[in-house]
Amino acid sequence: MKNRSASLDLLKLVLALLVVALHIFPVSKMKGISGLISYEIASGITRIAVPTFFIISGYLLRNKLDDVSYLKKYCKRILLLYVVWQLLYLPDLLHHYHIKWFTTKTLIYKLVYGYWHLWYLLASVLGVVLLHFTRKWKLITKWAVILGLFAAGYLFQLSYKLHIFKELPFFVNIYEGLGTTRNAVFFAFPFLLLGSLYDYWKFSPKYFQWILGLSITALLLESYLYYTLKLGALDFFVSLLPISMLLLHWAVTAKLILKWTIPGTLSLGIYLCHPYMIRLVTEFLPQKTLGMIVCKYFIICLLSVVVWYFLEKINRKFPYFL
């Protein structure tokens, strides 16, 4: 397609594959070195994906924030995807509710905020709305909002995981009522806003690789700390800010020429359909060793691509799925 960036499409594809890994590798059911590796994948390196998706969206929207008509179409399209895929995943949601995987309160949260991975769609819409209404703010105010909201979300999540609010049900209810701090306010909006400010923070290519390497190392070390503290899965890591910025910068500045064009909807298709592929593969391959999970990961990715291929054909006649 005209004006598509091969590097951005490649980055989004890699991010979608990281999301698949995030949802299949366990964070607490393995012991020893296998448990550590699985945790570093599921609550470490894969956590790069969603913030980077948001920062890419902010970058792509940065010159459209005054165009109300465009933003309305953009948000309507995402809301349509949200409704369609919520309905498609409703049988799975109700099935797991009936076998008591979660409470009625959790069911309500999932119906409101989005089942499993679909929270991202709703958070994107709300984040874009906030992005539009804050477009005229001063640059220093925007930076303060980015750092302030991210820090608040980070500290709120960490306090919850450390049970600091155990005797304060008011704060527990706020945290859970927000659908955790991985939401539009603390997560989507700061990264969208950060992406929209790309022209103000471009990196010098001189130290790019070193900074990225150090940032990823910091992420793995931070993840290891939480592993030793047995905190379970976390969404906020301090190093996610520089990593997402560096990855966007690479995608914007890289002049890739790929032998094959990456379809623009491939990453979205993988993201949307992979949970059902996880259910299918797990049904036939229930083994939970690290080696089997790695094998299942590649099978799930392959099946997700196959499903995307057919969805893409259907979507050409009924444009409601991608």
Side-chain angles (χ1 to χ4, degrees), residues 14-15 17-55 101-102 106 116-117 119-120 147-169 171-176 178-183 186-187 190-191 209-247 278 282 286-297:
V14 172
L15 296 176
L17 296 176
L18 284 177
V19 171
V20 179
L22 185 157
H23 289 149
I24 189 172
F25 283 87
V27 296
S28 61
K29 295 180 180 179
M30 290 184 177
K31 306 297 180 184
I33 189 65
S34 294
L36 175 59
I37 292 172
S38 186
Y39 188 89
E40 287 283 9
I41 293 171
S43 192
I45 200 70
T46 58
R47 299 292 166 170
I48 294 169
V50 175
T52 309
F53 271 131
F54 282 130
I55 204 172
W101 270 35
F102 41 77
T106 303
W116 206 340
H117 59 315
W119 70 271
Y120 170 83
L147 296 175
L149 288 177
F150 183 82
Y154 174 82
L155 293 173
F156 203 1
Q157 177 187 247
L158 201 57
S159 299
Y160 180 83
K161 292 287 185 177
L162 290 169
H163 305 294
I164 293 174
F165 298 141
K166 189 176 181 180
E167 305 300 327
L168 300 169
F171 289 102
V172 173
N173 290 332
I174 290 177
Y175 181 89
E176 294 177 351
L178 288 170
T180 79
T181 53
R182 183 205 61 188
N183 56 34
F186 296 112
F187 210 68
F191 282 101
Q209 292 179 334
W210 283 102
I211 299 172
L212 181 60
L214 288 172
S215 298
I216 291 176
T217 301
L219 171 64
L220 295 175
L221 289 173
E222 191 177 358
S223 177
Y224 178 72
L225 171 63
Y226 299 145
Y227 175 76
T228 60
L229 293 173
K230 296 180 169 51
L231 293 187
L234 288 98
D235 299 294
F236 283 82
F237 293 84
V238 173
S239 45
L240 289 182
L241 282 171
I243 291 174
S244 60
M245 294 167 73
L246 288 160
L247 290 175
I278 291 175
T282 303
Q287 299 91 336
K288 296 181 180 179
T289 63
L290 183 60
M292 277 304 301
I293 290 173
V294 171
C295 290
K296 287 192 285 186
Y297 168 73

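Along the sequence shown, residues are numbered consecutively beginning with 1.
Within the 4.5 Å cutoff, the side chain of Val27 has no heavy atoms near those of the Tyr227 side chain. The shortest distance between side-chain heavy atoms of Val50 and Phe187 falls below 4.5 Å. Side chains of Val20 and Tyr297 form a contact here, defined as non-hydrogen atoms less than 4.5 Å apart.
By the 30° and 60° cut-offs, the orientation of the rings of Tyr154 relative to Phe236 is perpendicular. Classification of the His23-His117 ring pair by plane angle, with boundaries at 30° and 60°, yields perpendicular.
In this structure, Ser43 contributes its side chain and Leu234 its backbone to a donor-acceptor pair below 3.5 Å. The backbone N or O of Lys230 lies less than 3.5 Å from no partner atom in the side chain of Lys161, so there is not a single donor-acceptor pair.
Note that CD1 of Ile243 and CZ of Phe237 are 10.0 Å apart. Values are rounded to the nearest 0.5 Å. From Leu15, atom CG reaches atom OG1 of Thr46 across 11.0 Å, with rounding to the nearest 0.5 Å. To the nearest 0.5 Å, the span separating CG on Leu214 from OG on Ser239 amounts to 11.0 Å. Put simply, CG on Leu246 and CG on Leu241 are 11.0 Å apart, with the number rounded to the nearest 0.5 Å. For the atom pair Ile293 CD1 and Thr282 OG1, the distance stands at 9.0 Å (nearest 0.5 Å). A distance of 12.5 Å separates CE in Met245 from CG in Leu212, rounded to the nearest 0.5 Å.
No more than 12 heavy atoms of other residues, nucleotides or ligands lie within 6.0 Å of OH in Tyr224, so this atom counts as exposed by the packing criterion.
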List the atom pairs, with distances to 0.1 Å, where a side-chain N or O of residues 31-42 and a protein N or O form a donor-acceptor pair under 3.5 Å, not counting sequence neighbours.
from: Ser38; atom 1: OG; to: Pro26; atom 2: O; distance (Å): 2.5
from: Tyr39; atom 1: OH; to: Gly232; atom 2: O; distance (Å): 2.7
from: Glu40; atom 1: OE1; to: Ser223; atom 2: OG; distance (Å): 3.2

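Between Asp235 and Arg47, the shortest heavy-atom distance links the atoms OD1-NH1, 2.7 Å. Residues Leu290 and Phe25 share a closest heavy-atom pair of CD1-CE2, 3.8 Å. Listed here is the closest heavy atom pair of Gly44 and Leu219: O-CD2, 3.5 Å. Minimum heavy-atom separation, Lys296 to Ile24: CB-CD1, 3.8 Å. Heavy atoms only, all atoms of each residue included: Trp116 and Arg182 are closest at O-NH2, 4.5 Å. Shown here for Gly153 and Phe186, the closest heavy-atom pair between the two residues is N-CD2, 3.6 Å.
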Working for ring pair (Phe, Tyr, Trp, His ring centres under 6.0 Å), residues Phe53 and Phe191: CA-CA 9 Å; Phe53 271 131; Phe191 282 101; over 10 Å; no

Test Val14 against Leu17 for side chain to side chain contact (heavy atoms under 4.5 Å, CB included), laying out the working first. CA-CA 5 Å; Val14 172; Leu17 296 176; 5.6 Å; no

